[in-house]
There are 2 protein chains.
Amino acid sequence: MTKNSNSDGKTRRALPKEVRKEQLIRATMKCIARSGLSGVTMARVTTEAGLSLGIANLHFESKEKLLLATLQYVTAEYNRDQKSILESRDYPNLAAQIEALLQFDFSAAVTEKNKMAVWFAFLGEAKSRPTYQRICSRQDSTSEALMTGLFQAVIEEGAYPDTNAELTAAGYIALVDGLWLNTLVAPRRLPRKKARRVARQYLASAFPQHISPEF
Amino acid sequence: MTKNSNSDGKTRRALPKEVRKEQLIRATMKCIARSGLSGVTMARVTTEAGLSLGIANLHFESKEKLLLATLQYVTAEYNRDQKSILESRDYPNLAAQIEALLQFDFSAAVTEKNKMAVWFAFLGEAKSRPTYQRICSRQDSTSEALMTGLFQAVIEEGAYPDTNAELTAAGYIALVDGLWLNTLVAPRRLPRKKARRVARQYLASAFPQHISPEF
DNA sequence: GACGCGAATGAATAACCATTCAGTAGTTGC
DNA sequence: GCAACTACTGAATGGTTATTCATTCGCGTC
């Protein structure tokens, strides 16, 4: 073994800023999931990361900025991947595109406990903190518009005269939020796969020619 | 004017415990809505209530118990009224009962900003605090069961062979949660009445013979 | 192998905040 | 009108926690 190693708790080692930042953000996510937003302290975060107390301020200036970076880390990833599905032209047909959206929204990666905990911890405070609100909803308008467009195309293709694309998109977005929340708080009552079946049923009943209620 | 009066900020007056408790709970709700759960301090709550610092501990023993009482105040009211709709046998038919549920869930009283803020502030911390979780979900299983029963009756009456009562109930519950959350965080994008139209569309597409998509 | 630089440490500091409690004022019973 | 009692007050206390910064340490360079 070399003189320094990361997993060896004794020696310390200078590492690039980016590595330390991600290490601290991951530790913050764990702390939020374990103790809630109000239970997060610099001491807990840095201990979780296996580093010393002062390091978070060194890399992030303040606790507030560390928390904002953590929220951004979680949302940026989701927004990027969702956008790429909604804007892709590589799916063989619209049904496949919607199917991909559904699989994505209830994939293990997206519904990972730590991420969901971070997401809803901040949403719970968002109303009183404009900064949180901005980060949470930055992408939302765009995403809602893209989804409405996709649903509109499906409606025209399938000739569903009674379906309203805008309301259906708003409903899907809200339904996914609600399912995530229920899955997070009571995974026994609503396991991930049941949540996905519920969302599928929603889409199937809006677009019966495109989506079937069972996979 | 008598020697003492409530609205006169100078004199103080002894009032029954119950009155003070409610006064403090209401002040706590306002504080949570204004500054989030983590921004609530005893000083802020008691100032908001127009009382002195020590009074909250006098009536509630601790901050934690004041917060729990506030959460309970909000949930108890909702659970009581929802239960009475779901268990009532006074509606002329099943369609009217579902209609009542919908009107209730998006009534101004239920979707009042302060109540929603309290609800989601606690849900955001619920995963890490078993006590919050217990209060939030105490009634949920019962309510889900009652709703599944109601939907099952509707399915039999309307002969909807492809609709699953359990999934539809789970979906409705999640959809309402998600709509509330979106309305709370971005009332511009999703005003209360649009949220209700979305929920109505959900029910209309599940039970087309009973509920119409427009009111 | 020692010099210099930037990363990392953690004891010390200062701010904040829940809780206490001795004292004050209103209320009730006589 | 006077105790006895109860609700209420807010300065003081003590615990917790973000932030600072003097010091330590690792690593590349000469």
| message | Nearest whole Å is fine: how far is C:dT19 P from B:K65 NZ? | response | 10 Å
| note | Counting primed atoms, P, OP1 and OP2 as sugar-phosphate and everything else as base, the B/S/- map of nucleotides 11-24 of chain D against protein heavy atoms under 4.0 Å is B-----SSBB---B
| If you fit an axis to the five pairs at each end of the helix from C:dG1-D:dC30 to C:dC30-D:dG1, how big is the angle between those two axes, to 10 degrees? | 10°
| said: Tell me whether the rings of B:F151 and B:Y172 are parallel (<30°), tilted (30 to 60°) or perpendicular (>60°). | reply: perpendicular
| Can you say whether the rings of A:Y78 and A:W180 are parallel (under 30°), tilted (30 to 60°) or perpendicular (over 60°)? | perpendicular
| message | Less than 4.5 Å apart, side chain to side chain, heavy atoms only: is that true for A:L67 and A:F122? | response | yes
| task | Take atom NZ of A:K17 and atom P of D:dC27, then tell me their distance rounded to the nearest Å. | result | 17 Å
| Are B:R196 and B:T111 close enough that a side-chain donor and a side-chain acceptor fall under 3.5 Å? | no
| Looking just at side-chain N and O atoms, do B:E99 and B:Y91 make a donor-acceptor pair shorter than 3.5 Å? | no
| request: Take the protein atom CD of A:E18 and the nucleotide atom P of C:dA7, then report the distance between them rounded to whole Å. | output: 12 Å
| Which atom names give the shortest non-hydrogen contact between B:V198 and A:A170, and what distance separates them? | CG2-CB, 4.1 Å
| Roughly how far, to the nearest 0.5 Å, is the CZ atom of B:R129 from the CD atom of B:Q133? | 12.5 Å
| Would one find a side-chain N or O of B:R20 under 4.0 angstrom from OP1 or OP2 of D:dA7? | no
| Between C:dG26 atom C1' and B:L51 atom CG, what is the distance in whole Å? | 15 Å
| task | Report the distance from atom NE2 of B:H59 to atom C1' of C:dT19, rounded to the nearest whole Å. | result | 16 Å
| Heavy-atom neighbours of A:K115 NZ exceed 12 at 6.0 Å | yes
